[in-house]
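Chain A is the first sequence line, chain B the second, and so forth, proteins listed ahead of strands; every chain is numbered from 1. Computed from heavy atoms alone, side chains included, the values below leave out hydrogens, waters and symmetry copies.
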Amino acid sequence: MNPADLSASLLAVVSGILARRGSTEKITINDVALERPRSREHGDWASNIAMKLAKPLGANPRELADEIAVDLATVDGVARVDVAGPGFINITLDAAAAGALAKVIVEQDADYGRGDLYAGVTMDLEFVSANPTGPLHIGGVRWAAVGDSLARIFQFEGGIVTREYYFNDHGAQIDRFARTLLANWAGEPTPEDGYGGDYIEDIVARVVEAYPGELEDIPTREEIQEVFRAVGVEFMFGDIKKSLQDFGVNFDVFFHENDVHESGAVEHAIDRLRELGAIYEKDGAVWFRSTDYGDDKDRVVIKSDGEYGYMSGDLAYYLNKRERGFERNLIMLGADHHGYVKRLMAMTAAFGDKPYYNLEILIGQLVNLLSNGVAQRMSKRAGTVVVLEDLVDAVGVDAGRYALVRSSIDSQIDIDLDLWSRKTSDNPVFYVQYAHARTRAVARNAEASGVDRAAFDASLLTHESESSLLGILAEFPRVVRQAAELREPHRIARYAEELAGAYHRWYDNCRVTPLGEEPITDLHRTRLWLNDAAGVVLRNALGLLGVSAPDRM
RNA sequence: GCGCCCGUAGCUCAGCGGAUAGAGCAAUUGACUACGGAUCAAUAGGCCGGGGGUUCAAAUCCCUCCGGGCGCACCA
């Protein structure tokens, strides 16, 4: 008996009552969704359907609840149904019905929790996309952790997911980067709009090293700068890729902005908008009439000097993604880019697509760094950069990823570097990982003392901590689905913590291996199933976060 | 001025229409001759930023004010 079965039973019961009352009120499976009560004394599952239906039926919610309760109590596997408060229906399953789940989970193993929310849907997730003008700073790292986790969640829900990095190797930022390298090489001061930071010197040295001849022999300054641009960007790009790989984030596509310009895709996109009547000319420039689609102001696509405006690249890139066949396109951006949302949605609508469906922009708040309790301002140009490697060096990949993915992206998060670099375990990731390691230790001990999974009798799982653990295990598929729908991976992390807590409590109360000379019984064997089920779900949850589930710590 | 996000326990943050608002850390107390004590049990700590409104029911939805962060170029 899982929540879906129970919902179906409840639906049948309520439909029967509606028919009996001669009501034309229509209800669906969504109306009878069960929730897990906060307090254990309210049973395993609760429904508020009676309160929802009371008004349209003109009925007293408590009486209606009583009526539902009587019928529901006859359902197989339901031990007790109580009506409480203003009309809550609290359902308690019998131990056998609730406990059967443990075996199901162990048998489904890595597939437990998998859903079909996005079955067969092509999805492109674009994230990080930092300019190759420096190492990955901490802000970009948040999206690496969150974006990769989201991709895993979508895949778990059946989505056909592409992880994509938009590599901006075209614009003025790259020119600034090249000029900075050139100036450093020539022993000149860093240009006013250039980049600071120790890595500049390093890159310069590597470019000099990599260049087959002598840079001094190149006749013009422009040509030398071009060498620094091409080779320097390549190095930077390689460094970023490697950092991400080491962080467990692997992109399927690295898309170069240059391609979009060189392939004629920009003209193609503008032509397309022109056909659709969304393009006009004014003051010698070419404009996209984005205000027709909800934007605050129209946007320049070709400047009066003939150069392409910034947005032209976005137009071409989006169209390119659609032409590559992606139904859903998600872009993750930092809060400093939230102003883009309207114009990108206007673009989506102008192309005849559905805003917030074919294109979604996820805006995440910035990460603050605290050092000695003082916020550090990050600036690439000033060189006060905290990069991915700093975080990994301080706390490791697992803790780093977990910490970044544990909070809602709507919240700014503070990362106290002093605290984190202490490597103490005041980070919940250890709590969760330890719970998993413990499930493995218990399984090892069970094997050593002769407890196996030859028997399974769910009716023996009667301890309070067992029904509590089972209730949480049952929720995993719903949590995954919700995390996918809301694009909120942090829900998985919070769930994992709750599960770890329930597991530790169960461990404290219920032994899998017998003590001393006690004989091995079916209770021990059945508990081994439950133990392993908890291990499976902890492992699956951590897997969705890109965090390892160690067997030993 | 306009726009987006946030204001919940000492700290970092969950909860986003339901029943007594939660977790981790920090504090106090207790449990190791019991499957790893990296654990567990207990105590203490909240006008859920302020004020209106909608609802049977609001931390959650709407309005407004206050406070904080980030944006509003023919820059990228």
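Residue Y402(A) places no side-chain N or O under 4.0 Å from the OP1 or OP2 atom of U12(B). Between S408(A) and the phosphate of C13(B), there is no side-chain N or O to OP1/OP2 separation shorter than 4.0 Å. Contact annotation: K52(A) side-chain N/O to U55(B) OP1/OP2 distance is not under 4.0 Å.
Panel note: side chain W287(A), backbone K282(A); a donor-acceptor pair is recorded below 3.5 Å.
With sequence neighbours excluded, no residue forms a ring pair (Phe, Tyr, Trp, His ring centres under 6.0 Å) with Y310(A). In this view, R343(A) satisfies the salt bridge (charged side-chain N to carboxylate O under 4.0 Å, His left out) rule with no residue, not counting sequence neighbours.
Using atom P as the reference point in both A23(B) and G45(B), the two lie 14 Å apart (nearest Å). Rounded to whole Å, the separation between the P atoms of A58(B) and G52(B) comes to 14 Å. Look at the C1' atom in both A42(B) and G7(B): the space between them is 32 Å, to the nearest Å.
The side chain of L515(A) lies closest to A34(B) when the candidates are A34(B), G36(B), A41(B). Here the nucleotide nearest the side chain of R438(A), chosen from G37(B), G36(B), C70(B), is G37(B). Out of A38(B), A34(B), A19(B), the shortest distance to the side chain of M553(A) is found at A38(B). Of all nucleotides listed (A19(B), A23(B), G36(B)), G36(B) comes nearest to the side chain of Y434(A). The side chain of D336(A) sits closest to G71(B) out of G15(B), G71(B), C5(B). Taking every side-chain heavy atom of K297(A) into account, A73(B) is the closest of G24(B), A73(B), C40(B). Nearest to the side-chain atoms of R494(A) among the listed nucleotides A19(B), U39(B), A23(B) stands A23(B).
One can find a donor-acceptor pair under 3.5 Å joining the base of A19(B) and the side-chain atoms of N90(A). Residue-to-nucleotide contacts include a donor-acceptor pair under 3.5 Å from the side chain of N48(A) to the base of G18(B). Side chain Y308(A) to base A76(B): no donor-acceptor pair is found below 3.5 Å.
Consecutive pairing runs in RNA chain B reach the stem threshold at B:1-7 with B:66-72, B:10-13 with B:22-25, B:27-31 with B:39-43, B:49-53 with B:61-65, where a stem means at least three Watson-Crick or G-U wobble pairs with distances under 3.5 Å.
Note on A493(A): nothing from the nucleic acid sits closer than 4.0 angstrom, heavy atoms only. Looking at heavy-atom distances under 4.0 Å, H490(A) makes contact with sugar-phosphate atoms alone, never a base. Nucleic acid contact class of Y431(A) (heavy atoms, under 4.0 Å, all strands): sugar-phosphate only. Counting any heavy atom pair closer than 4.0 Å across all strands shown, N509(A) reaches no nucleic acid atom. R505(A) comes within 4.0 angstrom of sugar-phosphate atoms only, judged by non-hydrogen atoms across all strands, and of no base. Within 4.0 Å (heavy atoms only), S304(A) reaches at least one base atom of the nucleic acid. Contacts of R491(A) with the nucleic acid, taken as non-hydrogen atoms under 4.0 Å apart, involve only primed sugar atoms and P, OP1 or OP2.
At most 12 heavy atoms of other shown residues, nucleotides or ligands fall within 6.0 angstrom of atom CD in E464(A). Within a 6.0 Å sphere centred on CZ of R80(A), other residues, nucleotides and ligands contribute 12 heavy atoms or fewer. No more than 12 heavy atoms of other residues, nucleotides or ligands lie within 6.0 Å of CD in E447(A), so this atom counts as exposed by the packing criterion.
The cationic group of R229(A) does not satisfy the cation-pi geometry with F177(A), failing either the under 6.0 Å distance to the six-membered ring centre or the 45° limit from the ring axis.
The shortest side-chain heavy-atom distance between Y434(A) and H504(A) falls under the 4.5 Å cut-off.
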